[in-house]
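What follows is one structure encoded as structure tokens, with my remarks underneath.
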Amino acid sequence: MAHLTYSDFHSLLTKQKNKYVQGVLRINKRNRSDAYVTVDSLPEGDVYICGSKDRNRALEGDVVGIELIDPEELPQQKLEGNKDRKNSRRPEEVEDTGDADVDEVKPKYCGRVVSIVERSLSQMFSGTLTIQRPSGSTKKTERKKQDEEDQKDQPRIVWFKPTDKRVPLIAIPIDQAPEDFVENHVSYVHRLFVATIKRWPLSSLHPFGQLERELGDIGNIEIETEALLADNNVTTTPFGEKVEKCLPELPWTIPEKEVSRRRDLRNDCIFTIDPATAKDLDDAVSCTRLEDGTLEIGVHIADVSHFIKVGSALDREAKSRATTVYLVQKAIPMLPNVLCEDLCSLTANVDRLAFSVFWKMTEEGQILDTSFAKSVIRSCAQLSYDDAQRVIKMGSLDPKVEVVGHARSLVEDNIKTFFKLSQILRQKRFENGALSINSVKLSFETDEIHNPLSVSVYELKESNRLIEEFMLLANMSVAKQICEFFPDLALLRRHEQPLEKRKLDFISHMNKLGLDLDASSAGALQRSLDAIQDPDMRQVVRLLTIKTMNRAKYICSGMLNPDKYQHYSLNVPLYTHFTSPIRRYADIIVHRMLEASLVGDSKFYLTKESCQKSANHCNIKKDAAKLAQDQSSQVYLSVLLRNMTESEGMVVKDAIIVQVLDASFDVLVPEYGLEKRVYVDQLPLERHAWNGSSGTLKLYWTTEPFKTVIEEEAQETKADDKSRRLSTLSAARHVGAMDHPDDVTNAYEDERGLFDYESDDEDEDDVIRSKSNGAGADEDEDEDEGEGEDEARRLTRIRTFGHVSVLVTADTTVSPPAIKVIAMNPFSASADVPTAFA
């Protein structure tokens with residue numbers, strides 16, 4: 001179907017609001033046949049798009065125009081086909097992606113893409129080159145002869161296979177491939193490239209693209225890092241000459257005229273508390289005791305907007321990048337280093353420009369007044385979280401910590417005051433209904449060339465909480481100020497409450513496990529979580545709770561009704577981002593809004609439409625930065641696991657069972673913050689049985705430590721017969737070898753394959769389902785058999801919240817690296833491990 005022009009679609013959108021809608025497309029990583037478009041105007045707003053035909057050449061992140069269709073009109077075979085594919089996906093196709101599978105029931109809204117309103121910024125992808133082409137099973141016979149003929153000729157195109165499973169194969173002109181690619185294509189199997197999509201004709205099944213550059217070998221940390229940065233559209237090129245011309249000449253000092261316009265705080269006791277390795281210090285705190293016995297608490301944020309003039313080359317570049325991207329071994333800055341690490345960084349004993357928020361508080365944490373001011377500060381100490389934590393626990397700073405211009409005792413006393421107040425503020429927040437949903441973050445120790453040496457789960461200390469409370473308070477205070485002054489233009493941070501169906505499904509699942517959770521509000525849910533006594537159980541339930549949540553988003557206040565501004569997890573009516581302008585462009589916009597509100601300038605440079613557009617861009621870039629950060633951790637953890645396996649042998653860890661299904665179960669490895677799915681058909685079992693009423697999966701083990709041969713039987717959903725495939729356990733080294741839904745036969749290809757219509761059903765037809773021997777259906781055996789009986793039968797009962805020992809392996813021969821978890825056989829007669837895991 002040809003795409004409607006923007007004007008034609010906009011006309012339909014205006015005239016037929018009940019039939020046409022607009023939103024951002026999301027493609028399910030677990031099953032690319034499923035796509036969704038979130039539409040704010042629809043209750044429970046996801047519109048389901050079934051299959052590539054209805055997706056109509058739209059890609060992940062595109063703003064698309066949708067024609068709504070009656071779910072009853074959706075062919076039943078499409079829904080059934082998707083369910084079949086969901087049940088038949090390989091382990092490597094169901095990595096934890098945060099995407100849910102298509103509902104077992106028909107969705108509430110269905111649609112088809114009729115217009116590409118705006119293409120996603122992410123049109124660059126990492127991947128590998130192949131001369132193979134996609135082939136649906138229904139066409140294999142007729143193509144076989146053509147493929148044999150093709151091999152006699154030089155192909156005119158090669159295929160680029162993106163590592164992102166949501167992206168189709170891309171046709172690349174042969175002259176862009178390496179000169180020896182056709183003759184030596186096997187030698188390029190483990191080489192990564194970057195390609196872009198240039199066009200996608202209506203008559204073509206696949207897009208045409210351009211090969212941008214060759215990165216290098218799969219498995220190399222720096223090469224994998226380049227690949228993930230490309231996949232997430234992170235700008236890594238140096239700042240250009242036009243940007244450099246916008247920067248102040250060095251050495252730079254604050255002009256006296258500028259000082260005279262500001263509140264001079266250079267004699268106040270102000271200091272920073274940050275991670276020990278931080279270079280971009282954008283927040284500082286102060287505490288002053290007033291004559292009336294109250295406290296003036298100050299949060300001082302780097303005045304980045306002073307150096308970035310609206311519309312300048314520097315402003316445009318910062319807006320384009322939108323955020324600093326933090327990886328394990330480095331950061332990709334939003335701003336040039338001269339700003340983020342020098343002129344804007346609140347370095348100790350240096351005069352710096354700041355934007356300050358002040359609260360007049362009682363010793364009991366009651367806020368009596370709030371005010372804002374542009375200021376000049378001089379930090380007296382650069383403290384780490386560990387430094388502040390020492391004061392909280394031991395009462396004093398480490399003697400090595402330098403304090404300039406103020407007594408050490410004053411800094412120590414102020415830290416204690418901050419800690420006391422932060423505890424009060426935090427308690428009040430949770431009493432008022434806040435919910436804590438922090439996800440797990442890994443911390444790596446590396447050598448001098450950034451190779452991983454060890455890993456641990458990053459633990460938030462009381463000093464982290466101290467700073468967090470005052471940053472949250474500053475953001476809430478600024479949100480109130482700018483929303484009052486710009487009721488239709490304020491840039492806010494919104495967190496929607498979970499979709500009702502998702503929430504009810506979660507509560508129902510918890511009820512089946514014997515937990516009575518109250519999710520009527522964020523606060524009620526937090527109290528339910530706090531009431532869980534068992535720490536393992538609480539950790540699992542918290543993990544499952546996070547999965548029900550929506551992501552917080554930037555919005556322009558004028559685009560939504562005020563009752564939709566609320567931040568669900570914080571349970572506050574207004575929230576924004578103000579405290580990190582060095583690393584977030586949204587904060588720079590908010591700084592400008594705050595300054596305009598203080599001087600009474602109602603003629604802001606943004607309209608509500610352009611403000612919302614900026615909000616959307618910041619949302620996209622923030623999500624991409626988070627994904628890049630997570631992928632960087634995955635790369636480092638994979639390399640560390642590989643190195644540990646090679647040097648120390650099997651990596652066996654304790655895991656908590658998170659969820660149990662009929663032929664698999666999900667586990668959490670707390671030591672790595674790692675959640676993975678374990679498949680019974682990959683375990684050395686005689687058989688397995690599922691008891692749906694009790695949610696128990698029974699595993700009847702052999703005496704072998706591992707399954708050495710896995711027989712994979714293809715589903716015969718088409719007329720063709722599928723051959724059986726055998727793979728040894730050493731194939732675990734190649735988990736994800738068939739790492740793209742468009743995996744192909746061994747056919748040479750020219751342009752002809754581009755124009756054969758293939759449905760997603762046909763694309764996915766080669767997906768194979770592994771079956772364990774003697775797989776049992778629902779089994780209602782007595783669940784109260786004794787442990788001795790279980791031992792004799794080599795029986796393990798898998799239940800949610802239980803524990804299992806798992807083997808954690810990493811395959812760095814694929815991109816991105818794949819981490820796999822296999823349950824250990826407790827009845828194994830031998831501890832020998834195949835060479836793949838040695």
Side-chain angles (χ1 to χ4, degrees), residues 87-92 94 509 512-514 536-537 540 650-670 674-713 727-729 731-732 735 769-809 819-834 836-837:
N87 291 329
S88 65
R89 286 194 298 280
R90 291 167 172 264
E92 60 268 26
V94 287
H509 180 57
K512 291 178 181 177
L513 297 174
D536 290 343
M537 185 181 295
V540 168
M650 292 190 298
V651 179
V652 179
K653 299 295 178 181
D654 177 65
I656 307 170
I657 299 167
V658 173
Q659 181 178 215
V660 183
L661 304 173
D662 60 347
S664 62
F665 53 98
D666 296 339
V667 298
L668 172 68
V669 184
L674 186 67
E675 186 191 359
K676 289 290 176 181
R677 182 159 291 182
V678 177
Y679 292 86
V680 298
D681 60 13
Q682 296 183 344
L683 304 178
L685 303 177
E686 292 180 350
R687 66 187 182 95
H688 69 274
W690 165 246
N691 187 323
S693 60
S694 65
T696 302
L697 182 61
K698 297 180 179 180
L699 307 182
Y700 296 89
W701 299 85
T702 67
T703 57
E704 297 297 321
F706 298 99
K707 190 168 186 177
T708 54
V709 177
I710 303 175
E711 184 179 278
E712 296 181 323
E713 182 180 26
S727 63
T728 65
L729 187 59
V735 169
R769 184 183 184 188
S770 298
K771 295 182 179 179
S772 179
N773 293 334
D778 257 30
E779 184 176 284
D780 293 317
E781 293 182 12
D782 182 10
E783 290 294 327
D784 297 321
E785 295 164 339
E787 291 185 10
E789 179 81 11
D790 288 355
E791 183 81 23
R793 299 164 66 191
R794 295 195 298 273
L795 168 61
T796 301
R797 300 169 195 270
I798 303 297
R799 298 187 180 99
T800 304
F801 306 130
H803 286 249
V804 291
S805 291
V806 295
L807 172 67
V808 187
T809 66
I819 297 176
K820 185 176 180 180
V821 169
I822 299 175
M824 297 291 287
N825 183 356
F827 304 102
S828 169
S830 169
D832 293 338
V833 61
F837 300 117

Do [X] and [Y] come close enough that some side-chain heavy atom pair is under 4.5 Å?
X      : Y      : answer
Val806 : Val669 : yes
His803 : Asp536 : yes
Lys676 : Val808 : no
Leu795 : Lys698 : yes

Going by atom types alone, do His688 and Asp662 pair a side-chain donor with an acceptor below 3.5 Å?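 Note: His688 and Asp662 side chains miss the donor-acceptor criterion.
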
Atom pair [atom1] ([X]) and [atom2] ([Y]), whose distance is rounded to the nearest 0.5 Å:
X      : Y      : atom1 : atom2 : value
Ser664 : Asp681 : OG    : CG    : 9.0 Å
Asn691 : Arg799 : CG    : CZ    : 9.0 Å
Trp701 : Arg793 : CH2   : CZ    : 15.5 Å
Ser805 : Met650 : OG    : CE    : 10.5 Å
Leu683 : Ile822 : CG    : CD1   : 7.5 Å
Leu685 : Tyr700 : CG    : OH    : 11.0 Å

Step by step, would you call Leu513 with Met537 a side-chain contact (heavy atoms from CB on, under 4.5 Å)? CA-CA 11 Å; Leu513 297 174; Met537 185 181 295; over 6 Å; no

Compare every heavy atom of [Y] with every heavy atom of [X], then report the nearest pair and how far apart it is.
X      : Y      : answer
Pro684 : Asn825 : CG-ND2, 4.0 Å
Trp690 : Thr696 : CE3-O, 3.4 Å
Leu697 : Phe665 : CD2-CD2, 3.9 Å
Ala655 : Pro670 : CA-CD, 4.4 Å

Can you list the residues that meet the side chain to side chain donor-acceptor pair (under 3.5 Å) rule with His509, with sequence neighbours excluded?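 Per chain and number, His509 pairs via side chain to side chain donor-acceptor pair (under 3.5 Å) with no residue.
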
Positive for side chain to side chain contact (heavy atoms under 4.5 Å, CB included) with Asp666, one of Val658, Val540, Thr800, Val678: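 So the option named by the test is Val658.
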
For Ile798 and Leu699, what are the C-alpha separation, side-chain angles and deciding distance, and is it a side-chain contact (heavy atoms from CB on, under 4.5 Å)? CA-CA 8 Å; Ile798 303 297; Leu699 307 182; 3.7 Å; yes

Please report the C-alpha distance between Met824 and Val652 in whole Å, then the side-chain angles of each, then the deciding distance to 0.1 Å, and finally whether the side-chain contact (heavy atoms from CB on, under 4.5 Å) criterion is met. CA-CA 8 Å; Met824 297 291 287; Val652 179; 4.0 Å; yes

Ring-face cation contact, Phe827 with Arg794, 6.0 Å cut, 45° max: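 Judged by the rule, Arg794 and Phe827 form no cation-pi pair.
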
Let's go through Val651 and Thr809 carefully: what are the C-alpha distance in whole Å and the side-chain angles of both, what is the deciding distance for side-chain contact (heavy atoms from CB on, under 4.5 Å) to 0.1 Å, and is it a yes or a no? CA-CA 7 Å; Val651 179; Thr809 66; over 6 Å; no

